[in-house]
Number of protein chains: 2
Amino acid sequence: MTGRTYGQFCGLARALELVGERWALLVVRDLVLAPKRFTDLHRGLPRIPTNVLSARLKELEQVGIVRRRVLPRPAAAVVYELTAYGRELEAILLQLGRWGAQSLGEPGPEDILTEDSLTLALRATFRPEAARQLRAGYELRVGTVVVHARIADGILEAGIGPLEAPDLIIDTGPVLRALWAGEISPGAAVESGAIRLTGDPALLDRFVELFRIPATPVDAPA
Amino acid sequence: MTGRTYGQFCGLARALELVGERWALLVVRDLVLAPKRFTDLHRGLPRIPTNVLSARLKELEQVGIVRRRVLPRPAAAVVYELTAYGRELEAILLQLGRWGAQSLGEPGPEDILTEDSLTLALRATFRPEAARQLRAGYELRVGTVVVHARIADGILEAGIGPLEAPDLIIDTGPVLRALWAGEISPGAAVESGAIRLTGDPALLDRFVELFRIPATPVDAPA
DNA sequence: CTGGATCCCTCACGATACTG
DNA sequence: CAGTATCGTGAGGGATCCAG
């Protein structure tokens, strides 16, 4: 326990000692939306070795970010959930995710997309000022990944899974990133067939105003 | 370059690929306030091996967070500075630092405190709503570390070094953390001799209102 | 089948020494 | 001052194995 510290009396250094190890923040990310079992976590993070996942959960539990809970019968299952302290990381994760999304290129063939990360991406890129006077329900489908967003009174509710009666279903693929970043217009995306719509097509224009990855800042040389 | 990725199409995963390696965010932290030379960075982060510092700087430069700049003569020096993209991390660092500060215990004997981290701690814990109607200049001394804070019109300006004509000089030690967290009252701190004041003592009460580490959330069991 | 623990290999990190 | 070179250690990666 004496190793692995930064030797600085600093809140940031402390934070990095708590969640700075590899995979730690992604585990927290997958617990933001709901408690999960070990196997569910592993399904959402297939590239993490089970021993590392095990170690991270123990460490996160020890420092009060995650709580291990054994469900009462009949489902004799173990779930991991965030503590109140862990939940405070959500806003930071969203900000960091929005920052990182600016330099996100096209998805590689190995890259996976999960319901959790897509849902958090909706929350991270939501712009309340664009949601005034709007009440709408979107269902977003990317391959087999289905999430939804409901906007009402300037508030976003985003979650996993389909929606009862969506005003618009957006069925798309990798082009979603370019659309999100404003690199392609909704019209062009639909026309190319990269996006299929079910419902009110006009709501797609609202969608790209509601959810937006900021443009990547470019530095002038010198 | 193919290794070290998370295999997820996710802004957060991307962010962690950019700044998730050990020491990376602390290097960014030390560049937030001002560009620095290699040796200055190493002075602020004495525990980082020079080869690792070298590697981090190269990586951060390659991904567009840091720029390496050779100063023109006469000072044939090399400085590292943040790009616009790197500067966008400041708000995130402050939030993360404030989060981590909640679980910061007493400083260990090995822990060091730097001007940079103390200045950023001021920025991170500043509460504008407590600064209304106030115009004041503080000088904060912790050992040989001296920083300052100027408050005017609800705005904070915090930086390294002393102040021309401070309204209050706060000369203190490790007790500062407890004061910051509200675990000890200003009066008790002064009375115990752990804090020495020069200037208007009433401004110390304002200080603890202006800068505050939020209380650590405690989870109810079950 | 869930919920991990164990083993082995590799590579990043840490410490130290050294150079333009 | 601004790094590079070398080398040992331990954490991470991948596969397999085990208990309830």
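Below, chain A is the first sequence line, B the second, and so on; all start at residue 1.
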Sugar-phosphate only, base, or nothing, as touched by A/S54 at under 4.0 Å among non-hydrogen atoms: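 The residue A/S54 makes sugar-phosphate contact but no base contact.
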Sugar-phosphate, base or nothing in reach of B/R43, heavy atoms under 4.0 Å: nothing
Interatomic distance where [atom1] belongs to [X] and [atom2] belongs to [N] [whole Å]:
X	N	atom1	atom2	value
B/W23	C/dG14	CH2	C1'	10 Å
A/R37	C/dG4	CZ	C1'	14 Å
B/R47	C/dG14	CZ	C1'	10 Å
A/L57	C/dT2	CG	P	16 Å
A/L53	C/dT6	CG	P	16 Å
A/I48	C/dA5	CD1	P	13 Å
B/H42	C/dG14	NE2	P	11 Å

Axis deviation across the helix from C/dC1-D/dG20 to C/dG20-D/dC1, five-pair ends, to the nearest 10°: 30°
Are there any protein N/O atoms within less than 3.5 Å of an N/O atom in nucleotides 7-12 of chain C, and if so, which ones and at what distance?
unit_1	atom_1	unit_2	atom_2	d
C/dC7	N4	A/N51	ND2	3.4

Pairs touching residues 99-111 of chain B that satisfy salt bridge (Lys or Arg N to Asp or Glu O under 4.0 Å), sequence neighbours left out: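 Listed by first then second residue: B/E106-B/R177.
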Pairwise salt bridge (Lys or Arg N to Asp or Glu O under 4.0 Å) hits with a residue in residues 156-165 of chain A, at least two apart: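 Residue pairs with at least one partner in residues 156-165 of chain A: A/R150-A/E157.
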Among all residues two or more places apart in sequence or in another chain, which pass the ring-ring contact (aromatic ring centres under 6.0 Å, His included) test with [X]?
X	result
B/W23	A/Y6
B/Y138	B/F207
B/F126	B/F211
B/F38	none

With sequence neighbours excluded, residues passing salt bridge (Lys or Arg N to Asp or Glu O under 4.0 Å) with B/E115: none
Nearest-nucleotide pick for A/R68, side chain only, options being C/dA5, C/dG3, C/dG14: C/dG3
Among C/dC13, C/dA15, C/dG4, the nucleotide that comes nearest once only the side chain of A/Y80 is considered: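 Among C/dC13, C/dA15, C/dG4, the one nearest the side chain of A/Y80 is C/dG4.
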Cationic N near anionic O, under 4.0 Å, A/E59 to A/R56: yes
Euclidean distance, A/T198 OG1 relative to A/I169 CD1, rounded to 0.5 Å: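 Answer for the CD1-OG1 pair, A/I169 versus A/T198, is 5.0 Å.
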Results of side chain to side chain contact (heavy atoms under 4.5 Å, CB included) for A/A34 - residues two or more places apart only: none
Polar contact flag, side-chain donor to acceptor under 3.5 angstrom, A/R141-A/T172: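 On atom types as modelled, these side chains do not qualify, holding no pair under 3.5 Å.
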Of A/A55 and B/V79, the one whose closest DNA chain D nucleotide lies more 5': B/V79
Contact interval (first through last nucleotide) of DNA chain D with protein chain A, 4.0 Å heavy-atom: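 Extent of the interface on DNA chain D: D/dA11 to D/dA15.
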Residues that A/E21 engages under side chain to side chain donor-acceptor pair (under 3.5 Å), provided they are two or more places apart: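 A/E21 satisfies side chain to side chain donor-acceptor pair (under 3.5 Å) with no residue once adjacent residues are dropped.
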